[in-house]
Amino acid sequence: MDNATAIVIGSGAFGASTAYHLARRGARVVLVDQHALGSQTSPRAAGLTSKADRMPVMARLRHEACDAFERFEAEMGQSVEFHRSGSLKAAYTEAGEAHLHAGLATARDLGIAARLVSAGEARRLAPHFEPGSARAIGHVPSDGWLEPAKVATGFALRAAALGARLAPFTRVERLLHVDGKVRGVTTARGEIHAPVVVDAAGGWAALVAAAAGIKLPVVPVRHQLFITDPIAGVEPLQPIVRLLESSVYVRYAQGGLMFGGYEDRPRVIDAPALPRGFQIADLPLDLGVLRALVDEVADHFPALGRATVAVHRGGIPTMTPDGRPILGRVPGLDGLYVASGCCVGGLSLSPAAGRALADLILDGASDPDLTPLSVERFKDGYEEPSELEAACVGQYARKYTH
Ligand SMILES: Cc1cc2nc3c(=O)[nH]c(=O)nc-3n(C[C@H](O)[C@H](O)[C@H](O)COP(=O)(O)OP(=O)(O)OC[C@H]3O[C@@H](n4cnc5c(N)ncnc54)[C@H](O)[C@@H]3O)c2cc1C
């Protein structure tokens, strides 16, 4: 493509959404991926949304994203099977209760219905959940879940219909830049030129940035889930259940229950050491990690202990030192933008993250202002790789308590 406005590296949820929103506004976009479109971490997600975020900019983006999923089929021509099941979050400690209240309060400030429910009400809404000694249970009726595999490909195909060029199986080797300005990328199949490049390379995002001398403070970690065989009485519109202190989530999937969680010591992925051509399908998984989490919460989900596992999957989401994504310009290289550091919440954020980033690229500003999510917030720290890794792992471990 001659005279491209922007090159987006990575066709996961973040990159494909950004490409779609750029194309929708008339920009000439090239969406490049080293593998098949939308084939890496994004399709392996759980597909949960969560609106009750304590950080206002995140709560706004999550609210917008959730609404966008409801309109997805009308806009993108492909359904993501969004189910507005609502969500429950249960807290068992004083600190957890305060955390839960803060998230619900931010949601309510934005006009999102969010309330406390009794244990009996929670049991009625989600009969497979036994709340036990929960101190507080929050309910957000407008949360939901969707089919993860349809998100990135949905955005990418619609972007193509609007004129974007899709370049799967095209690995970006280097960023081209002259006098502090981005000029394009070098790929295994030749150069592509544009004044704007978006690094949305998921678990590889820091590698892509490093090739231009930019340090991106993100660390990929393995995250896994399983889906059981069908269980009688489990229904699609029963709410997602999250237990805050143990940091596990449970939702309906394929007639059974989906279970995932945030262990204390996740496997950190050393991206530079990954073999060339590595795909997420090659990632070694460990069901033992999930079984240990199930043991912790067995009293709350009695059906889980008896069920057999039908699907076990995982991917490499990227964590940041403060548990928030990195979205925006990269200082030091004009024209370079980043959409990374998903912190295991990027799929559900992607419609709004891509929309806001496209606006920032095309207009120089976005609503909401993405400054709080800029990489600049880390400019004075995390020089030492071990310090960065410890901070990122700390954000992953028992994620719902942060
Ligand atoms: C088990 C699990 C459960 C999850 N549950 C949820 C959830 O419930 N809700 C939620 O919101 N999020 C969830 N997530 C997180 C979610 O999957 C991620 O936030 C999201 O997929 C991130 O998308 P991405 O575009 O950054 O990465 P990816 O989907 O990995 O896309 C990055 C792309 O960049 C490409 N790429 C990399 N390097 C290059 C290069 N040099 N040249 C060209 N292309 C390149 C890759 O091939 C890849 O396709 C979950 C993740 C996992 C693993």
Side-chain angles (χ1 to χ4, degrees), residues 12-13 38-51 65-66 69-70 72-73 78-90 122-123 125-130 139-154 222-243 246-263 280-281 283 285-287 289-291 293-294 296-298 300-315 317 342 344-350 399-400:
S39 63
Q40 298 302 299
T41 290
S42 293
R44 293 171 169 86
L48 317 178
T49 74
S50 174
K51 286 188 173 180
C66 215
F69 280 125
E70 268 194 324
F72 201 90
E73 187 168 6
Q78 181 181 320
S79 166
V80 283
E81 297 170 30
F82 183 70
H83 287 71
R84 203 174 268 277
S85 59
S87 70
L88 295 170
K89 191 178 270 183
R123 236 181 256 116
L125 289 166
H128 53 276
F129 171 46
E130 173 43 61
H139 182 217
V140 179
S142 57
D143 268 330
W145 59 269
L146 50 94
E147 177 44 61
K150 298 193 169 169
V151 176
T153 48
R222 182 180 64 186
H223 180 60
Q224 312 174 79
L225 60 80
F226 70 70
I227 299 171
T228 69
D229 276 336
I231 296 172
V234 176
E235 302 285 344
L237 289 178
Q238 289 165 351
I240 299 159
V241 181
R242 294 181 177 89
L243 303 192
S246 39
S247 291
V248 299
Y249 54 83
V250 174
R251 74 147 162 100
Y252 167 93
Q254 300 173 21
L257 289 173
M258 175 187 284
F259 176 89
Y262 298 87
E263 67 273 29
I280 302 296
L283 181 72
L285 299 178
D286 180 359
L287 197 56
V289 171
L290 295 172
R291 292 246 190 252
L293 289 170
V294 169
E296 281 184 35
V297 298
H300 298 296
F301 303 102
L304 272 181
R306 298 189 294 270
T308 50
V309 171
V311 175
H312 176 206
R313 66 184 190 227
C342 70
V344 209
L347 190 87
S348 54
L349 188 69
S350 61
K399 178 173 177 276
Y400 296 159

What are the two closest non-hydrogen atoms of [X] and [Y], and how far apart are they?
{"X": "A13", "Y": "V151", "result": "CB-CG1, 4.4 Å"}
{"X": "A307", "Y": "I231", "result": "CB-CD1, 4.0 Å"}
{"X": "L125", "Y": "Q238", "result": "O-CG, 3.6 Å"}
{"X": "S348", "Y": "L48", "result": "CB-O, 3.3 Å"}

Could you give all pairs that pass the salt bridge (charged side-chain N to carboxylate O under 4.0 Å, His left out) test and reach residues 140-154, with sequence neighbours left out?
-> E81-K150
Where the side chain of T49 meets the backbone of G144, is there a donor-acceptor pair that is under 3.5 Å apart?
-> yes
Test item: R313 side-chain N/O and R44 main-chain N/O as donor-acceptor pair under 3.5 Å = yes
F69: partners by ring-ring contact (aromatic ring centres under 6.0 Å, His included), with sequence neighbours left out | none
Tell me, please, which residues at least two apart from E296 pass salt bridge (Lys or Arg N to Asp or Glu O under 4.0 Å).
-> R398
Set of residues satisfying side-chain contact (heavy atoms from CB on, under 4.5 Å) with respect to [X], sequence neighbours excluded:
{"X": "S39", "value": "H35, A36"}
{"X": "Y252", "value": "W145, V234, P236"}
{"X": "V289", "value": "R222, Q224, E263, D286"}

Quick one: sort the Y249 and H223 rings into parallel, tilted or perpendicular, breaks at 30° and 60°.
-> tilted
Derivation of the side-chain contact (heavy atoms from CB on, under 4.5 Å) call for L146 and F72 | CA-CA 11 Å; L146 50 94; F72 201 90; over 6 Å; no
